[in-house]
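Have a look at the structure below, then the notes.
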2 protein chains.
Amino acid sequence: MPLDDRKKKILYAVITDYIMTAEPIGSRTIAKKYNIGLSSATIRNEMADLEEMGYLEQPHTSAGRIPSDKGYRFYVDSILRNYINNDPPISHNTREEIIVEFDEIVKKYARILANITHHTTVAKMPKLNPDRIRKIQLIPVASNKMIFLVVTDTGIVKNYLLNLCQNVDRTIFEFLNNLLNEKIAGKSEKDIFEFLQKDLRQMLGEVAFIADELINTILLSLKQLQETDIYADGTSHILDFPEYKDLGKAKNFFNLLDNKPLLNEVLEPEVDFIDVRIGSENKFEEMKDLSVIKTTYKINGRVVGTIGIIGPTRMDYRRLINEINMMTKELSNLLSSIYNDEI
Amino acid sequence: MPLDDRKKKILYAVITDYIMTAEPIGSRTIAKKYNIGLSSATIRNEMADLEEMGYLEQPHTSAGRIPSDKGYRFYVDSILRNYINNDPPISHNTREEIIVEFDEIVKKYARILANITHHTTVAKMPKLNPDRIRKIQLIPVASNKMIFLVVTDTGIVKNYLLNLCQNVDRTIFEFLNNLLNEKIAGKSEKDIFEFLQKDLRQMLGEVAFIADELINTILLSLKQLQETDIYADGTSHILDFPEYKDLGKAKNFFNLLDNKPLLNEVLEPEVDFIDVRIGSENKFEEMKDLSVIKTTYKINGRVVGTIGIIGPTRMDYRRLINEINMMTKELSNLLSSIYNDEI
DNA sequence: ATTAGCACTCAATCGAGTAGAGTGCTAATA
DNA sequence: TATTAGCACTCTACTCGATTGAGTGCTAAT
């Protein structure tokens, strides 16, 4: 059975209505509220077809129909198809303050997005490839303490405090700094590993005693550069949805938000455009009755993180896709203008 | 009317029971479950007295009694009084990994505390006095970019990226580093402000063009060192409490958790011991039916942050006070062992 | 001073009855 | 032949009165 124009129209009407009301929709409602030009009986027949085809579901025999995940998928696809061709122009935001912490900016945007959408938003902070290290600096802070500083090409800085078991002369730092910058900054992960395993110890010469600690720190920093941080905002918005009056569901949702590793997976960027995962399309059992709209934000075209909206499968996809697109464009613009040129 | 021994016993029984069951308690229940050695009628009379005295409340005329905030206060005070005299010894935890990010450690402890208590926990990350700056370092990362690094005496490092409008020669950094360390590191806030306003510009001489940016950055860093970060975990636990089946209440709670500035105020340390705020004892309207148990964690005796447990006024104060005390002691130990000696 | 007993109160629960939205099917209609 | 009107049927949600039961306050007896 083909999904002809009339069926599409009716399906569209059912989904739109359900998104607004959260109530199952009957044929009569459709006939009255949407001028399809058909009687309720005809619509009834079509709805039975749509159910058979898997686009709609019936909570119980004498209830109206609600959209299935497949139904939402149809809806989202048709929105996205429409959308991809007329990218709205965005206001160009120039930086206001020069010095802002990266995380703070992203959090702020996630917060704004939560506020305007009235949904829970999650943001994944920069994931940086370890071959993007631009500079390393060792800074003595005490006779037996130093800070190991890593700067990446997007200006993100990570630092580690090293406790040394032996005092290190100040002049040695110069030597170490040069060595590390030469051998690590800008190098590929493979090269770095090779250097650490083979050459480092010999090259250190008289200061070989800090080799272990140095290697550990460098490995840790490489590992951490690949790690990400998750931030959630507007968490309480989920409770605005009547479907979450069920406390068990609500509890699952909040558990999910506390489960950072899982959120991290969920927000892993997979396509280069707005990515919508509806209900069971999500990889995780925990998310089977939630939808996620996610998209990446960038610095000068390079993906640095993800922002997502999480809500019930009944969500206003049209509006949310629009809003998340606007916000991430803005965010990418702002970040690009701050971390604008090569470091 | 005095709170005699018999009244105390009954009050204690009512509160203990209510903490377990979340149901109003009647006189008969008390008579049966707790061997006070009195009939329900007598207990009934005593309970009427306790209500008159403000320790108990009645949700409606023919219901049992529940503890008022004043009742909980009595309960908590008697626990604390008991507690303050026999501080249990704690296992001494030595550091396992040398390099860990401060925030990660605190978050981990907050998470563990949430898990063992089954309550929502919040942690306030270090608040540092600006007169505690130990070292400042300017690091060139490109001809027109540099990193401004601040190290405090607890080893916390903050960094800021400066975009300069003009290129700066590498030799100048040495000069700036010395100047800033001499004039800012270890100085009081007042001294720093004076230096920034009066002397800095002249001292800069030929590099005066970076004065504005430098001053702004320093001011910002001073401001940020006083700011704090809030982390919440175990948020979904609140839904385990039957009193939070009321969605409005639940929503308020989650709004509260999203409201970082307010949480910040709530976690402001006020006393040097475990601090319990019951219902209306909290400053904020938003928290009038929540209780907070909070206490500080320290590095070598200096307060660096706060951890708190948030839950309904009916909470198991005895157990929670014990557990938060254990955890913060552990945390303080660990932090002190990592950031052990003077930097 | 304590307690037994009793009348009273009130929230919660249960069940029958009803309303109403919606369906599927059949027969009439354009 | 496609559409529609009509009807019997289904099922949930809601209402409403009755009932239950825990709890109280008061009084009189111990």
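Chain letters run A, B, ... following the sequence lines, proteins first, then strands; residues in each count from 1. Values below: all heavy atoms of this structure, side chains included; hydrogens, waters and symmetry mates excluded.
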task = Kindly determine whether A:F254 and B:F254 satisfy ring pair (Phe, Tyr, Trp, His ring centres under 6.0 Å), including the steps that lead there.
result = CA-CA 10 Å; A:F254 289 107; B:F254 289 107; 3.5 Å; yes
query = Can you list the steps and then say if B:F241 with B:H119 is a ring pair (Phe, Tyr, Trp, His ring centres under 6.0 Å)?
reply = CA-CA 10 Å; B:F241 294 99; B:H119 280 249; 5.1 Å; yes
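One interatomic measurement links the two molecules: CD1 of B:I10 to C1' of D:dG23, which rounds to 16 Å at whole-angstrom precision. Residue A:I66 contributes atom CD1, which lies 13 Å from atom P of C:dT23 at whole-angstrom precision. Taking atom CG of residue A:N45 and atom P of nucleotide D:dA5, one finds them 13 Å apart after rounding to whole Å. D:dC26 atom C1' lies 17 Å from atom CE of B:M47, rounded to whole Å. Here the C1' atom of nucleotide C:dC25 and the CG atom of A:D49 are 15 Å apart, to the nearest Å. Summarising the geometry, the separation between CD on B:Q58 and P on C:dC10 is reported as 11 Å, rounded to the nearest angstrom. One atom, CD of B:E46, and another, C1' of D:dT24, lie 16 Å apart when rounded to the nearest Å. If you take CD of A:E51 and C1' of C:dG22, they are 12 Å apart, rounded to a whole angstrom.
Contact annotation for A:S40: no contact, since no heavy-atom pair falls under 4.0 Å across all strands. Within the 4.0 angstrom heavy-atom criterion, base atoms lie near B:T42.
A close approach under 4.0 Å does occur between a side-chain nitrogen or oxygen of A:R65 and OP1 or OP2 of C:dT23. Taking side-chain N and O atoms only, B:S62 has no distance below 4.0 Å to OP1 or OP2 of C:dC10. Contact annotation: B:T61 side-chain N/O to C:dC10 OP1/OP2 distance is under 4.0 Å.
The closest donor-acceptor contact from the side chain of B:K294 to the backbone of B:R277 lies at 3.5 Å or more, if one exists at all. Of the possible polar contacts, none joining the B:D17 side chain to the B:V14 backbone as a donor-acceptor pair under 3.5 Å is found. A donor-acceptor pair under 3.5 Å is absent between the side-chain atoms of B:T313 and the main chain of B:G279, judged by distance alone.
With sequence neighbours left out, A:A48 forms a side chain to side chain contact (heavy atoms under 4.5 Å, CB included) with A:R65.
Look at B:D77 and B:R73 and you find a salt bridge, because one of the NZ, NE, NH1 or NH2 atoms lies within 4.0 Å of a carboxylate O, short of that distance.
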ask   = Once Watson-Crick and G-U wobble pairs under 3.5 Å are found, how is DNA chain D written in dot-bracket notation, 5' to 3', with | for any base paired to another strand?
value = ||||||||||||||||||||||||||||||
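Each of A:A41 and B:R44 was assigned the nucleotide of DNA chain C with the nearest heavy atom; the assignment lying further toward the 5' end belongs to B:R44. Positionally, the nearest nucleotide of DNA chain C for B:R6 lies more toward the 5' end than for the other of B:R6 and A:G64.
Distance from the side chain of A:A48 is smallest to C:dG24 among C:dT23, C:dG24, D:dT4. Of the listed nucleotides (D:dT24, D:dT4, C:dA11), C:dA11 has the atom at the smallest distance from the side chain of B:H60.
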